[in-house]
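Reviewing the structure listed below.
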Amino acid sequence: MAKTNTGLVAYAKAQVGLPYWYGTYGQKANASLYSSKKKQYPSYYTADDFKSQYGKRVHDCIGLIKGYLWSDSATATPTYKSSQDKNAAGMYAAADKDAKGKISTFPKTAGLLVFRGTSVTKITHVGVYGGDGYVYEAKGHAYGVVKTAYKASDWNYWAQCPYITDDTVAASTDSSTAGSNSSAVTEKTAADKAKSYNKSLAGTYKITANLYMRNGAGQSKASMIVLPKGTSVKNYGYYTAVSGVKWLYVQVTYNNVKYTGFCCGSYLKKQ
């Protein structure tokens, strides 16, 4: 079963109200799991209400994401996958470099992960942004899985989960074919302008991974739209270099909106 942003949101919403057990990822709570986890993480298993939660599906914060990745449904038994077994900091580190950043650049796309931590190596908590102004998170044993209002001050970083596909935008239309519906097309253009020109760069490119078009060159710039892997974009030779990486100034039409902005050249393959 394909794993997607919208699927992750649906899974997280379905877990609201269920218990938090440290070190779990969607298993059914029982005496055996309790004994195993208490032995493994004794300081997290001091409350007196664990037995009353037997029979319920349980997660910790990163386990909410792994429970989705490793389960066929919101109630199915998860199958452990060592290749995806990351803690919150590890999940952020595994995300594509152009699909994560400080919370000041958060594009508020449904299914993105939000993180709390003093640095990218000291991330201590993760939640799932629902796209509706709320975060779904396994907050702690005293809270369980909860729905909380999103506040940028509560989070420090964001990322696209590296093991799922962002399906929050439909397949984009190549701007060269948009003329048949041009009367309905509106335009959104990046705030920054390209600083350099090289005629040899001009042409059509395909995106090699889910990619953010940004208001300027560089990961610190705000996102305009998430473009799915395989989308075609056009460049007319304009770009801006940041730390030796060319950010191409490209155009694409999606849902009757013509976007012009910057995409990292590392994820663009010329056709």
Side-chain angles (χ1 to χ4, degrees), residues 3-27 29 41 44 53 56-71 73-75 78 81 84-97 99-168 210 212 219 222-223 226:
K3 297 297 179 179
T4 64
N5 279 33
T6 55
L8 174 59
V9 171
Y11 180 90
K13 287 182 177 181
Q15 311 308 315
V16 171
L18 293 177
Y20 174 109
W21 282 28
Y22 189 81
T24 63
Y25 46 84
Q27 303 103 306
Y41 307 109
Y44 289 92
Q53 297 171 348
K56 296 182 179 180
R57 195 174 181 89
V58 291
H59 308 77
D60 64 8
C61 70
I62 191 63
L64 190 62
I65 291 87
K66 291 188 284 192
Y68 170 65
L69 293 173
W70 300 345
S71 303
S73 73
T75 58
K81 295 181 182 178
Q84 298 175 348
D85 189 6
K86 311 287 186 183
N87 61 16
M91 191 68 77
Y92 181 87
D96 187 276
K97 66 180 182 179
K100 61 185 176 183
K102 293 182 178 180
I103 206 66
S104 59
T105 66
F106 182 44
K108 295 185 179 179
T109 300
L112 291 182
L113 308 182
V114 288
F115 300 86
R116 187 176 299 127
T118 56
S119 71
V120 295
T121 59
K122 295 181 179 179
I123 287 172
T124 57
H125 186 58
V126 60
V128 178
Y129 182 69
D132 53 0
Y134 289 90
V135 173
Y136 298 84
E137 55 180 317
K139 192 172 181 179
H141 188 72
Y143 305 93
V145 181
V146 297
K147 172 185 176 182
T148 55
Y150 170 78
K151 296 179 181 178
S153 59
D154 292 340
W155 305 95
N156 305 105
Y157 302 96
W158 67 272
Q160 166 70 29
C161 179
Y163 306 115
I164 66 176
T165 299
D166 183 356
D167 64 339
T168 58
N210 294 337
Y212 289 89
Q219 295 181 45
S223 172
V226 182

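Both backbone and side-chain heavy atoms feed into the values below; hydrogens, waters and symmetry mates do not.
A29 and V58 make their closest contact through CB-CG1, 3.9 Å (heavy atoms, listed as atom of the first residue, atom of the second, distance). When all heavy atoms of T121 and A89 are compared, the pair lying nearest together is O-CB, 4.4 Å. Contact record, I164 with Y68: CG2-CE2, 4.0 Å, taken as the closest heavy-atom pair. In terms of heavy atoms, A159 sits closest to A95 at CB-CB, 3.8 Å.
Residues passing the salt bridge (Lys or Arg N to Asp or Glu O under 4.0 Å) test with D96, sequence neighbours excluded: none.
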Query - K13 vs D132, side-chain contact (heavy atoms from CB on, under 4.5 Å): CA-CA, chis, key distance, verdict - result: CA-CA 12 Å; K13 287 182 177 181; D132 53 0; 3.8 Å; yes
Query - Criterion side-chain contact (heavy atoms from CB on, under 4.5 Å) on T165 and N210, from CA distance to verdict - result: CA-CA 7 Å; T165 299; N210 294 337; 3.9 Å; yes
**Report entry** Evaluation steps, side-chain contact (heavy atoms from CB on, under 4.5 Å), between I103 and V114
**Finding:** CA-CA 8 Å; I103 206 66; V114 288; 4.2 Å; yes
Requested in this report: Any chance you could lay out the side-chain contact (heavy atoms from CB on, under 4.5 Å) test for Y136 and V16, step after step, and finish with the verdict?
Outcome: CA-CA 8 Å; Y136 298 84; V16 171; 3.7 Å; yes
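Here the OG-CG distance, from S119 to N156, works out to 9.5 Å after rounding to the nearest 0.5 Å. The distance from the OH atom of Y20 to the CD atom of Q53 is 12.5 Å, given to the nearest 0.5 Å. To the nearest 0.5 Å, the span separating CZ on F115 from OG1 on T124 amounts to 11.0 Å. To the nearest 0.5 Å, the span separating CD1 on I62 from CD on Q84 amounts to 11.0 Å. Between atom CG of residue D166 and atom OH of residue Y212 there is a gap of 6.0 Å, rounded to the nearest 0.5 Å. The distance from atom CZ of R57 to atom OH of Y25, rounded to the nearest 0.5 Å, is 11.0 Å.
Screening Y143, Y11, Y22, W70 for a ring pair (Phe, Tyr, Trp, His ring centres under 6.0 Å) involving H59 leaves a single residue, Y11.
At least one donor-acceptor pair under 3.5 Å links the side chain of S71 to the backbone N or O of G67. A donor-acceptor contact shorter than 3.5 Å is absent between the side chain of T24 and the backbone of Q27. A donor-acceptor pair is defined here as one N or O able to donate and one able to accept, closer than 3.5 Å; such a pair exists between the side chain of K100 and the backbone of Y92. Looking at Q15, its side chain does come within 3.5 Å of a backbone N or O of A74 through a donor-acceptor pair. Side chain of Y129 to main chain of G133: a donor-acceptor pair is present (N/O by atom type, distance under 3.5 Å, no hydrogens or angles).
T6 and D167 are linked by a side-chain donor-acceptor pair at a separation below 3.5 angstrom, with hydrogens and angles left out of the test. No side-chain N or O of W158 forms a donor-acceptor pair with one of T109 less than 3.5 Å apart. In summary, the side chains of E137 and T148 do present a donor paired with an acceptor at a separation below 3.5 Å, with no hydrogens or angles considered.
A 4.5 Å side-chain heavy-atom check between W155 and H125 finds at least one atom pair inside the cut-off. For the pair I65 and V126, the minimum side-chain heavy-atom distance is below 4.5 Å. Within the 4.5 Å cutoff, the side chain of V120 has heavy atoms near those of the Y157 side chain. A 4.5 Å side-chain heavy-atom check between N5 and L112 finds at least one atom pair inside the cut-off. Within the 4.5 Å cutoff, side-chain heavy atoms of M91 are placed close to those of L113. Between R116 and I123, the closest side-chain pair of non-hydrogen atoms is not below 4.5 Å. Taking 4.5 Å as the limit, every side-chain heavy atom of T105 sits out of range of all side-chain heavy atoms of S223.
More than 12 heavy atoms of other shown residues, nucleotides or ligands fall within 6.0 angstrom of atom CZ in F106.
Note that K147 lies in the cation-pi zone of Y134, set by a 6.0 Å cut-off to the ring centre and a 45° limit from the axis.
The aromatic rings of Y44 and Y41 sit perpendicular, their planes meeting at an angle over 60°, well past the 30° parallel limit.
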